[in-house]
Enquirer: 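One structure coming up, written as structure tokens, with questions to follow.
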Amino acid sequence: MTSNCTKHNKTIRYICYKCNELMCSLCMFDHYKQKLDHSTHCEHINQIKHSLNNMFLNNEILDDNINNNNNEDNSSTFINTQLKSIWESLKSTTSRYQSLSATENEVKQHFEQLHQYLIIEEHKLKKDIINDKDTIINQIDNNINHLKYLVNIINTNHKLNNNNTETKDNSQSKISDTTTDYSPTTIMKSITASSSLQSFISDNNQTLFNEHHDPFNYDELIKLHNNDSSSLLLDIIHKYNNQFNKTTEITDNYNFSYILSIKQLDFNQLNSIINQSVKLEKIKSSITTKSNNLLSSVSTKTSNDKASYIFTTHNKKGATLINTTNNNSVEQLELDYDFSSTYQSIVSIGEYIYVFGGENNTNKWMKFSIKSKSIEHIGDIEGIEGDYYISVCYDGQDHIYLVNGCYNNRIDRFNINTMRFERYYQLSDEYGEQVSTMIFKGSLYSIPYGQTNMIKFDLANKTITNHHQIYHEPYTACHDNNGNFFIYNYHNNQVIKYNVEAQQIINLNPIPTKKEGVYLMYHRESSTSSFLYLFSGVGNYKYSIEKDKWKSFLKDDKCLRAWCASTTITN
């Protein structure tokens with residue numbers, strides 16, 4: 001690089017930091033005229049050198065220069081400004097990192113408490129069982145020792161008889177007893193596998209009941225008894241009684257058991273409790289650096305003030321948002337989506353609500369945010385067939401499953417992360433439209449419209465069976481995500497609760513007035529109260545499951561909601 005300006009052949013003495021140009025005095029003059037706003041970004045080499053001369057890296061003058069905003073000689077220099085900005089950023093980001101680490105540790109400690117609580121509860125339940133198992137092992141060990149001694153008496157008697165009839169074979173090899181190598185688990189497996197005492201002894205004749213093992217020292221013992229077999233047998237039986245106490249009955253003194261009752265957890269309720277115990281929010285910090293870089297900050301707070309909403313749509317491209325935690329306050333929303341024939345095509349996940357298809361937009365889907373209270377995305381249904389009356393459910397992880405519709409016979413799914421559809425399983429024509437679908441313990445259960453056979457589909461093996469007959473013709477239905485369907489039969493105005501695991505039907509109080517074009521929706525309000533909502537528009541009802549009682553709801557509603565989607569969502 002030349003030290004002179006190529007245009008004026010004058011020595012270069014200036015730099016403009018904004019456009020990063022080196023200039024002579026004449027270039028600088030022209031630069032000022034053309035770009036007045038760059039004047040504060042230009043410096044002469046003497047000003048730069050003066051500033052640098054006052055900066056010493058090995059003493060406090062550097063910090064003084066950086067922190068002194070009133071220093072006219074240095075505060076405007078580019079290097080000084082950059083040093084100040086970098087140092088502020090380093091201090092700020094370090095503080096942020098330490099704050100993040102502290103917050104991370106708080107989250108860790110919070111869940112460690114939950115883990116520890118569960119471990120303690122598990123150990124409390126298992127303690128008596130473990131003690132009883134140890135007692136049983138001791139009893140088995142004692143009985144095996146009894147049995148070994150008796151088998152050895154039998155083997156000794158055979159030796160005595162053989163000695164009287166044939167010559168003793170001293171060349172026969174003896175196998176050492178390896179009983180200590182057997183664990184109680186191994187012995188119990190052998191007991192279980194044996195059909196009789198004889199087969200158990202035979203299966204273990206090289207170890208527990210090794211006939212070549214001589215615990216009585218037979219050769220010495222027969223000499224002591226002067227080859228009197230009867231005397232020898234009486235002697236070893238006497239010793240058996242002394243060792244094991246002939247008055248002790250060999251019985252099973254531990255014929256007790258336990259009755260274990262396990263109630264399937266309501267994971268929705270558990271998730272709600274955990275979410276209420278800890279909340280992590282990302283907020284913007286009010287602190288900024290001189291270079292106007294926003295610093296993000298993370299804070300935690302414990303909160304029980306989550307708002308619970310009912311999102312119920314109508315046939316005028318809109319929805320009603322009902323805040324159930326604020327005296328059922330109502331907010332009307334105008335949304336650019338037609339919700340006709342979507343009553344079973346809706347699902348809520350976190351802050352989002354998803355709706356698929358519809359009578360007037362069969363190839364569309366939409367994503368609504370409760371935070372912004374607006375539609376965040378409307379997309380095309382691609383890769384699978386669009387439809388209306390699609391029955392949908394969420395697997396709790398990455399996928400929403402789409403079952404049948406008005407025309408299609410299928411099980412497809414939608415990935416909420418990639419927002420892509422995929423074909424999953426082809427159903428036969430016999431199933432038709434479904435009114436409610438739920439995933440429970442690895443299987444997808446689906447209620448058909450007007451039919452009595454429920455579909456049960458194993459998601460892992462992709463096998464399908466007709467579940468237990470429900471003996472009701474479903475008109476609409478909903479579920480609690482915990483194994484229970486709530487089914488409405490229009491013909492007899494009956495509402496039932498059906499548990500897929502117990503295959504049990506419970507009749508609920510009928511709807512006060514017979515309704516056509518209704519939608520049933522389940523909502524858990526708290527750990528002790530859950531409700532069914534029935535939306536039709538002209539006449540809406542709320543049913544307390546615990547009190548088995550219906551009452552009017554949203555009385556002044558003027559919207560037509562028949563066959564339109566509704567769901568609950570928490571924020």
Enquirer: Parallel, tilted or perpendicular: which describes the rings of Phe535 and Phe553, with under 30° parallel and over 60° perpendicular?
Expert: perpendicular
Enquirer: Would you compute the distance between atom CG of Leu321 and atom CZ of Phe311 and round it to the nearest 0.5 angstrom?
Expert: 7.5 Å
Enquirer: For Ile487 versus Pro474, what's the shortest heavy-atom pair and its separation?
Expert: CG2-CB, 3.6 Å
Enquirer: When rounded to the nearest 0.5 angstrom, what is the spacing between CG in Leu335 and OG in Ser374?
Expert: 8.5 Å
Enquirer: Start with the C-alpha gap between Phe486 and Ile496, add the side-chain angles, then the distance that decides, and say whether side chain to side chain contact (heavy atoms under 4.5 Å, CB included) holds.
Expert: CA-CA 6 Å; Phe486 301 89; Ile496 66 167; over 6 Å; no
Enquirer: Go through Phe414 and Trp365 one step at a time and tell me if the ring-ring contact (aromatic ring centres under 6.0 Å, His included) criterion holds.
Expert: CA-CA 11 Å; Phe414 172 79; Trp365 69 277; 4.8 Å; yes
Enquirer: Tell me, with the steps shown, if Ile416 and Tyr354 meet side chain to side chain contact (heavy atoms under 4.5 Å, CB included).
Expert: CA-CA 9 Å; Ile416 61 174; Tyr354 297 82; 4.0 Å; yes
Enquirer: Mind checking the CE-CD1 spacing from Met366 to Ile375? Nearest 0.5 Å is all I need.
Expert: 5.0 Å
Enquirer: Less than 3.5 Å apart, any donor N or O on the side chain of Arg524 or Thr568 sitting next to an acceptor on the other?
Expert: no
Enquirer: At what distance, to the nearest 0.5 angstrom, does NE2 of His110 lie from CG of Leu114?
Expert: 4.5 Å
Enquirer: Between Ile400 and Cys393, is a side chain to side chain contact (heavy atoms under 4.5 Å, CB included) present by the stated rule, with each step listed?
Expert: CA-CA 6 Å; Ile400 297 169; Cys393 63; over 6 Å; no
Enquirer: Between Asp398 and Asn415, do the side chains contain an N or O donor and an N or O acceptor separated by less than 3.5 Å?
Expert: no
Enquirer: Looking at Ser345 and Ile390, what are the two nearest heavy atoms and their distance?
Expert: OG-O, 2.5 Å
Enquirer: Would you please indicate yes or no on a ring centroid separation below 6.0 angstrom for Phe339 and Tyr337?
Expert: yes
Enquirer: Relative to Tyr352, does Lys367 satisfy both conditions: NZ or CZ under 6.0 angstrom from the six-membered ring centre, and within 45 degrees of the ring's axis?
Expert: yes
Enquirer: Ion pair present between Glu88 and Lys91, side-chain N to carboxylate O less than 4.0 angstrom?
Expert: no
Enquirer: Glu376 side chain to Lys373 main-chain N or O, any donor-acceptor pair under 3.5 Å?
Expert: no
Enquirer: Could you tell me whether the side chains of Asn499 and Asn484 share a donor-acceptor contact shorter than 3.5 Å?
Expert: yes
Enquirer: Identify the two heavy atoms, one from Asn404 and one from Asn409, that lie closest to each other, and give their separation to 0.1 Å.
Expert: OD1-CA, 3.3 Å
Enquirer: Side chains of Ser340 and Asp338: do they bring a donor and an acceptor to under 3.5 Å?
Expert: yes
Enquirer: Would you kindly say whether Ser436 and Gln344 are connected by a side-chain donor-acceptor distance under 3.5 Å?
Expert: no
Enquirer: Minimum heavy-atom separation for Phe421 to Glu382, with atom names?
Expert: CB-O, 3.3 Å
Enquirer: Determine, step by step, whether Asp132 and Tyr258 satisfy the side chain to side chain donor-acceptor pair (under 3.5 Å) criterion, reporting the C-alpha distance in whole Å, the side-chain angles of both residues, the deciding distance to 0.1 Å, and the verdict.
Expert: CA-CA 11 Å; Asp132 291 341; Tyr258 293 90; 2.3 Å; yes
Enquirer: Mark yes or no: Lys462 above the aromatic ring of Tyr424, with NZ or CZ under 6.0 Å from the six-membered ring centre and no more than 45 degrees from the axis.
Expert: yes
Enquirer: Do you know which two heavy atoms are closest between Thr312 and Ser566, and how far apart they sit?
Expert: OG1-OG, 2.8 Å
Enquirer: For Thr320 and Glu331, which I'm curious about, is there any donor-acceptor pair between the side chains at under 3.5 Å?
Expert: no
Enquirer: Does Met454 reach the side chain of Gln503, with side-chain heavy atoms less than 4.5 Å apart?
Expert: no
Enquirer: Apply side chain to side chain contact (heavy atoms under 4.5 Å, CB included) to residues Tyr309 and Thr324 and explain how you reach the verdict.
Expert: CA-CA 6 Å; Tyr309 297 92; Thr324 60; over 6 Å; no
Enquirer: Quick check for you: to the nearest 0.5 Å, what is the distance between Asn326 atom CG and Ser308 atom OG?
Expert: 11.5 Å
Enquirer: Does the side chain of Ser329 come under 3.5 Å of the side chain of Asn327 through a donor N or O and an acceptor N or O?
Expert: no
Enquirer: How long is the span from the OH atom in Tyr533 to the CG atom in Leu554, to the nearest 0.5 Å?
Expert: 10.0 Å
Enquirer: Please work out whether the ring planes of Trp550 and Tyr543 are parallel, tilted or perpendicular, with thresholds of 30° and 60°.
Expert: tilted
Enquirer: ring-ring contact (aromatic ring centres under 6.0 Å, His included) for Trp563 and Tyr475? Distances and angles first, verdict last.
Expert: CA-CA 11 Å; Trp563 313 116; Tyr475 186 71; 5.3 Å; yes
Enquirer: Classify the ring geometry of Tyr445 against Phe440: parallel below 30°, tilted from 30° to 60°, perpendicular beyond 60°.
Expert: tilted
